[in-house]
Amino acid sequence: MGLVLGIDLGTTNSCMAVADPATGHARVLPNREGERTTPSVIGFDASGKVTVGSAARRQAVLHPRDTVFGVKRLIGRRFSDPAVQQLRRLLPYELVADPSGNAAVRVHGQVMTPSEVSTHVLRYLKESAEAQLGQSVEGAVITVPAYFDEVQRQETKAAGQRAGLTVHRLLNEPTAAMLACRFDESRPENIAVFDLGGGTFDISLLHVEDEVVQVLATSGDNFLGGDNIDELVVDALRRIFLKQTGVDLAHNPEALWRLKDAAESTKRALSELEQTAIDLPFLGAGAEGPLHLSLPSFSRTLLENLANRELERLRAPCEQALQDAGLQLEDIHRVVLVGGMTRMPAVRARAEKLLGRPGERSVNPDEAVALGAALEADIIAGTSPELPRVLLLDVLSRSLGIRTEGGRFSVLIPRNTTIPARETKVFATTLDQQTHVDLEVYQGEAPSVDGNRYLGELQLAGLPAAAAGTVRVEVDFTIDADGILQVTAREPATGRKAEVTLRPPTAASP
Amino acid sequence: MSQDPSHDRNPFEVLGLQGTEDLAAIRKAFLRIAAQSHPDRLRMKSPEEKAQALELFLGAKKAFEVLSQPDKRREWSERMARTKPRTPAAPVTPPPEAPAAPAPLRPAFTPAHGVPVAPRPALTPVHGVPVATPPPGAPSGPRPSSGVQPAAVALQLYKLGMVALESFDYAKALDLFSKAAKVAPTPRHQAMELVCRGHQYLSTRFFDRARESFERALQLLPECREARVGLELLDKQSGRYLKGR
Ligand SMILES: Nc1ncnc2c1ncn2[C@@H]1O[C@H](COP(=O)(O)OP(=O)(O)OP(=O)(O)O)[C@@H](O)[C@H]1O
Ligand SMILES: [Mg+2]
């Protein structure tokens with residue numbers, strides 16, 4: 001068996017690591033260019049050549065329409081999703097609907113799903129690792145935001161498989177970060193991992209005791225990250241430019257790329273400085289020739305004012321997670337901050353306020369997730385002769401259930417249930433002489449199935465024809481440690497049984 | 001998703017506890033069982049060892065989930081104090097359940113599994129009543145009570161086991177028969193236990209072990225029809241399997 005990597009497939013940056021079977025320690029593997037993280041940017045040229053990482057990023061200004069980034073925010077989403085529509089206005093590349101109505105990108109006239117785009121990043125990482133280690137890479141543990149639903153997970157897995165990787169497991173990012181962090185095993189502790197990256201926010205509460213890491217609860221927002229802040233800054237700069245020159249840059253991809261670049265570096269600079277200057281010569285063209293954007297001072301206060309409303313969205317998931325875990329603020333012993341955005345002082349301040357403790361930076365926020373994934377790879381697929389000591393007990397992040405009468409959503413496995421898990425519920429027929437039932441499986445927290453994600457269905461036929469409500473059907477949901485859901489429906493009187501293993505397809509309905 | 005506690009084995013027992021422990025100790029007990037039975041810990045083990053460990057894990061997890069709720073914890077703790085102050089609970093494989101009153105055995109359906117659905121207006125696959133997880137808890141009668149004849153309990157368990165067997169739920173059937181065998185160690189109960197094991201092996205294609213189980217059942221109880229049926233099935237399946245290769 002070849003090597004198994006740990007891969008953090010990030011919205012903005014990806015990172016890979018590998019565990020040394022002899023020592024059980026993980027280390028980051030640099031990419032072909034020698035960088036420890038790889039920008040999740042993919043460039044396509046007209047001849048079909050694909051460039052990944054910094055190289056693609058460098059060429060982005062020249063080929064803004066052919067350079068794709070941040071696809072993790074689109075993965076497993078509907079094109080009609082309002083968040084996708086809003087994003088569309090600000091992206092230099094083209095967003096379209098694929099034949100089944102999911103968000104996709106179009107480059108050189110070719111439509112690609114976000115998962116297909118991600119495959120290029122994963123393949124690049126795999127090949128970099130192989131070149132470097134002189135050994136073939138067989139598989140990977142890939143991380144996903146804890147708050148990803150089953151479809152988003154499935155799409156991520158498909159991306160890995162297309163890249164020629166056996167995906168041994170999808171691991172939640174904050175949990176991975178936790179594994180990489182050294183903890184004190186001498187006494188039980190509750191740890192909060194606050195992970196704000198480029199595109200997603202996750203909060204996980206974990207309990208560590210002896211060698212077991214038990215996830216207590218997880219929550220988050222799949223559309224909240226540094227990119228949102230960058231977009232607010234881009235929009236502010238666009239308005240300023242419009243006011244100063246009367247020229248709107250909204251449909252100018254080159255200018256949008258440069259604004260995005262400037263927004264991001266301004267944001268980073270303001271993590272250290274109180275204020276900075278923005279200078280973008282030749283940003284547009286007017287009747288009298290080239291137009292420039294020049295702001296002598298862009299202050300941290302201005303950035304924070306712009307970001308405030310978005311950052312307020314960090315609150316609800318934190319409160320939800322605390323509530324689901326049954327913890328009070330004083331029960332939390334440590335707060336670990338991960339993700340590049342936790343370098344922003346306003347973010348750190350909020351995390352500390354919401355979780356009631358100063359945040360620790362004992363782990364490298366850019367590498368912890370990949371290191372943890374590599375450790376998990378060793379735990380589940382490792383070749384070390386000794387069994388790793390740590391055991392990870394993860395949870396299901398979104399509730400699973402079925403459609404019942406009137407489109408109501410009946411939960412079988414509530415969110416934040418430790419997996420593996422199995423739950424059974426008994427249902428009764430609604431109609432007289434009903435001889436079959438269709439079980440539609442959904443995931444989410446909305447009380448009606450319309451607000452939730454459709455995952456698949458199965459039919460149990462051959463029920464004894466009888467009066468409504470007299471025939472019972474036992475529905476059993478089993479999720480294994482890999483998060484694969486097995487649904488079984490059984491009519492106890494006759495023993496008739498139907499079962500299906502749900503590997504959710506691309507979202508076929510909203 | 002609260003469930004009627006009277007249909008489960010006492011979760012304190014499942015975790016090998018006395019019934020007086022606090023949440024921290026309860027969690028510790030669960031994590032200890034989890035550390036031995038979680039699938040990630042058994043990556044080198046055989047499928048049936050994994051399957052057994054999974055049942056253990058799920059049972060402990062359920063028990064922990066129930067006892068995480070303060071009111072449930074109190075309830076079960078009181079019940080534990082009432083029912084059995086005698087044997088100290090052994091971890092992992094607790095002693096047989098305190099005798100349970102016979103469940104009102106309704107013709108063919110649910111009782112084996114738990115709560116019959118309360119009558120309610122005609123709904124679609126209705127909001128069902130949550131039901132106890134099958135794994136370790138013998139779905140016993142509605143209320144653990146003292147002073148019931150062991151023979152009656154065993155008979156009840158046996159009947160429920162047959163219901164489970166008929167619906168091919170071998171894990172549940174095995175659990176029920178082995179409970180029956182513990183209460184009343186008759187050849188019939190023991191043979192049925194072996195029959196269920198045989199079917200479990202059969203379903204994971206451990207043909208040799210399946211045969212051994214069915215044959216041992218026949219030795220114990222030569223007239224055991226279920227064991228013969230099992231052997232016939234085994235011959236068919238193993239033949240087909242070998243041909244298929
Ligand atoms: N010093 C800094 N100050 C402010 N923001 C920063 C700083 N450094 C990085 N960031 C921001 O952090 C984000 C990237 O973080 P990270 O690399 O952790 O995300 P990711 O893992 O790619 O995304 P995700 O985890 O959401 O998929 C970007 O928005 C980047 O601008
Ligand atoms: Mg990240």
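Treat the numbers as computed from the prediction; the structure is a model and nothing was measured. Throughout, a chain's letter reflects where its sequence line sits, starting with A, and its residues are numbered from 1.
For a residue to count as touching a neighbouring chain, one of its non-hydrogen atoms must lie under 4.5 Å from one of that chain's; by this rule A:I419 touches chain B with the backbone only. For A:A467, no part lies near chain B; criterion is any non-hydrogen pair under 4.5 Å.
Listed options A:H207, A:K497, A:R169 were ranked by heavy-atom pairs under 4.5 angstrom with chain B; first place goes to A:H207. Considering only heavy-atom pairs separated by less than 4.5 Å from chain B, the leading option among A:T417, A:D432, A:L393 is A:L393.
Remark: B:E232 does not engage B:R228 in a salt bridge, criterion side-chain N to carboxylate O under 4.0 Å.
There is no side-chain donor-acceptor pair under 3.5 Å between B:T20 and B:Q18.
Side-chain atoms of A:R472 come within 3.5 Å of backbone N or O of A:G469 as a donor-acceptor pair.
Between B:H38 and B:F57, the gap from one ring centroid to the other is short of 6.0 Å.
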